[in-house]
Amino acid sequence: MSIKQENIKRILVVRFSSIGDIVLTTPVLRCIKKQYPDAELHYFTKKGFAGMMEANPYVDKVHILGEQLSESINALRALQFDVLIDLHHNLRTIRVKRALQVKHTYSFPKLNIEKWLYVRLKWNKMPPISIVQRYLEAAKPIGVEDDGQGLDFFIPEEQEVDLGLLPSSHQQGYVAAVVGGSFATKQFPANRWKALIARLAQPIVLLGGPEDNELAAQIAAEFPNQVFNACGKFKLMQSADLVRKARVVISNDTGLMHIAAAFQKPLVSLWGNTTPWLGMYPYYGGHTLNDDMSALSFIAENKHLSCRPCSKIGYNSCPKKHFKCMNDIELDGIIAAVGRFWESGAQV
């Protein structure tokens with residue numbers, strides 16, 4: 001059933017996690033708000049990610065998923081939404097949709113069958129498009145169109161980092177190296193980081209959470225003058241600001257990779273057990289995997305493995321025990337891309 005634009009007063013977008021996935025929903029929010037400026041735009045997510053949306057000027061109200069889903073549902077039901085857009089599309093959001101009974105409810109195509117064929121049988125029927133473009137499909141029934149402007153990320157002024165906190169050698173420009181990742185099979189190993197940094201001349205800032213500090217400390221110990229270990233020293237917004245202020249970013253497939261793309265940073269992305277064809281590649285707006293993005297993005301991956309992708313998410317260790325997807329990534333291409341980006345990048 002269609003709905004007239006003038007009848008849409010309140011819209012709810014649902015995405016519970018995680019950092020990267022939520023960043024990838026931001027074009028939907030911007031396009032909705034710009035094309036429905038008089039409608040209230042609400043976002044429903046987990047507590048740990050609420051701050052990202054509270055800083056987003058296109059979102060009018062953030063709702064936090066509580067320990068008791070039923071309590072959250074009761075609070076949302078009272079608002080009587082005209083449209084619900086589900087950008088998570090799992091069992092819990094199905095429960096939310098059934099309970100709220102919003103007449104105009106839309107979900108994005110998850111392509112579970114295509115992903116299963118790709119991961120299990122290595123039969124790639126995935127489209128060459130970003131998941132962003134599939135998220136936008138969910139808003140098309142209400143007439144929302146992609147503006148092609150890519151991702152958003154907003155940092156409150158009080159969360160910005162004074163570059164005076166960095167060593168003086170890093171204050172005029174640095175490469176941000178994101179060493180963290182949600183799974184071990186999505187993380188470039190310490191010995192590979194060391195081999196890479198040994199061939200780079202640029203100052204390096206290592207980024208990640210407290211859980212990444214041990215790995216980062218191993219790397220930094222070998223390059224005391226070149227490498228500054230920021231892992232665990234800054235919160236998410238501050239780490240994002242260090243990404244924004246970097247001249248070049250090197251990152252595993254993780255949340256800060258998408259934040260780098262949101263800031264249109266030149267980016268080298270490192271791919272292990274997952275591949276860009278699952279739809280989570282760095283997205284700069286409107287492009288597909290078939291387009292030439294070499295001016296901003298270099299994808300570093302080992303394309304010569306029959307076992308890859310072995311998962312759509314990741315594992316705590318390589319199922320094959322060799323971890324060739326990361327261990328055998330050639331460094332020459334990464335070094336050339338960093339050099340090219342460094343020369344063309346703007347100073348901090």
Side-chain angles (χ1 to χ4, degrees), residues 20 118-119 122 124 126 128 175-202 204-208 212 215-216 218-220 222-223 226-227 231 243 246-261 265-283 289-290 292-342:
Y118 187 31
V119 171
K122 308 303 180 277
N124 188 6
M126 295 291 295
V175 174
V178 182
V179 301
S182 52
F183 292 92
T185 53
K186 296 173 74 173
Q187 296 180 14
F188 209 45
N191 66 312
R192 300 294 286 154
W193 279 114
K194 292 175 185 178
L196 173 60
I197 292 170
R199 295 178 60 184
L200 294 174
Q202 297 84 0
I204 308 291
V205 174
L206 302 181
L207 294 176
D212 304 308
L215 168 66
Q218 293 180 41
I219 300 166
E222 294 205 10
F223 309 93
Q226 183 184 7
V227 173
C231 290
V243 165
R247 196 157 165 178
V248 181
V249 180
I250 307 172
S251 180
N252 297 319
D253 172 19
T254 190
L256 286 176
M257 177 188 79
H258 297 296
I259 291 172
K265 304 304 296 188
L267 171 66
V268 174
S269 55
L270 308 170
W271 295 80
N273 77 281
T274 57
T275 87
W277 280 91
L278 289 166
M280 307 290 284
Y281 59 85
Y283 184 72
L289 284 171
N290 294 329
D292 180 10
M293 288 296 296
S294 57
L296 283 172
S297 175
F298 179 81
I299 292 174
E301 58 180 335
N302 182 355
K303 296 182 178 181
H304 308 295
L305 292 174
S306 61
C307 57
R308 182 173 174 266
C310 62
S311 166
K312 64 182 181 180
I313 301 175
Y315 294 111
N316 292 326
S317 63
C318 172
K320 298 288 188 179
K321 308 303 182 186
H322 54 61
F323 203 28
K324 289 184 178 180
C325 57
M326 281 295 197
N327 284 326
D328 289 358
I329 289 178
E330 294 183 0
L331 299 183
D332 290 350
I334 299 173
I335 293 161
V338 171
R340 183 173 71 252
F341 292 156
W342 182 267

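Computed from a prediction, not measured in an experiment: that's the story for all the values here.
In this view, Lys122 satisfies the side chain to side chain donor-acceptor pair (under 3.5 Å) rule with no residue, not counting sequence neighbours. By the side chain to side chain donor-acceptor pair (under 3.5 Å) test, Asp332 pairs with Arg199, sequence neighbours left out. For Trp271, there are no ring-ring contact (aromatic ring centres under 6.0 Å, His included) partners at least two apart in sequence or on another chain. The side chain to side chain donor-acceptor pair (under 3.5 Å) test applied to Asn273 returns Thr185, not counting sequence neighbours. Under the side chain to side chain donor-acceptor pair (under 3.5 Å) criterion, Asn290 pairs with no residue at all, not counting sequence neighbours.
Contact record, Lys194 with Phe223: O-CZ, 3.4 Å, taken as the closest heavy-atom pair. Across all their heavy atoms, Pro276 and Leu289 have their closest contact at O-CD1, 3.7 Å. For Gln226 against Ala201, the heavy-atom pair with the smallest separation is NE2-C, 4.1 Å. Between Ser269 and Met257, the shortest heavy-atom contact is CB-SD, 3.6 Å. Across every non-hydrogen atom of Met326 and Gln187, the tightest pair is CE-C, 3.7 Å. The shortest heavy-atom contact between Ser311 and Ile313 is OG-N, 2.9 Å.
For the atom pair Phe341 CZ and Lys265 NZ, the distance stands at 12.0 Å (nearest 0.5 Å). Taking CG of Leu206 as the start and CD1 of Ile197 as the end, the distance is 5.5 Å to the nearest 0.5 Å. For the atom pair CD1 of Ile259 and CG of Leu207, the computed distance is 10.0 Å after rounding to the nearest 0.5 Å. The structure places OG of Ser294 at 11.0 Å from CD1 of Ile299, a figure rounded to the nearest 0.5 Å. In this structure, OG on Ser306 lies 7.0 Å from NZ on Lys320, to the nearest 0.5 angstrom. Atom CZ of Arg192 sits about 4.5 Å away from atom CG of Leu331, to the nearest 0.5 Å.
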Q. Step by step, would you call Leu267 with Phe298 a side-chain contact (heavy atoms from CB on, under 4.5 Å)?
A. CA-CA 6 Å; Leu267 171 66; Phe298 179 81; over 6 Å; no

For side-chain contact (heavy atoms from CB on, under 4.5 Å), just list the numbers for Gln202 and Val248, CA-CA rounded to whole Å, side-chain angles, deciding distance to a tenth of an Å, and then say yes or no.
CA-CA 10 Å; Gln202 297 84 0; Val248 181; over 6 Å; no

Q: Tell me, with the steps shown, if Ser297 and Tyr281 meet side chain to side chain donor-acceptor pair (under 3.5 Å).
A: CA-CA 10 Å; Ser297 175; Tyr281 59 85; over 6 Å; no

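Tested against Ile250 for a side chain to side chain contact (heavy atoms under 4.5 Å, CB included), the candidates Leu200, Ile204, Val178 yield a single pass: Leu200.
The salt bridge (charged side-chain N to carboxylate O under 4.0 Å, His left out) pairs that include a residue from residues 302-316 are Glu301-Arg308, where partners are two or more places apart or lie in different chains.
A donor-acceptor pair under 3.5 Å is absent between the side-chain atoms of Glu222 and the main chain of Ala198, judged by distance alone. In terms of modelled atom types and a separation under 3.5 Å, the side chain of Asn252 and the main chain of Val179 share a donor-acceptor contact. Listed for the Asn302 side chain is no donor-acceptor partner under 3.5 Å among the backbone atoms of Ile329. Under the 3.5 Å distance criterion, the side-chain polar atoms of Thr254 are left unmatched by any main-chain donor or acceptor of Leu256. Remark: the backbone N or O of Cys310 is paired with a side-chain donor or acceptor of Tyr315 at under 3.5 angstrom. Put simply, the side chain of Lys324 never gets that close to the backbone of Leu305: no donor and acceptor are under 3.5 Å apart.
Using a 4.5 Å heavy-atom threshold, the side chains of Pro282 and Met293 count as separate. Ile335 has its side chain within reach of Leu196: a pair of non-hydrogen atoms, C-beta onward, lies under 4.5 Å apart. When side chains are defined from C-beta on, Thr274 counts as touching Lys186, because their heavy atoms get closer than 4.5 Å. At a threshold of 4.5 Å between non-hydrogen side-chain atoms, the residues Thr275 and Met280 do not count as touching.
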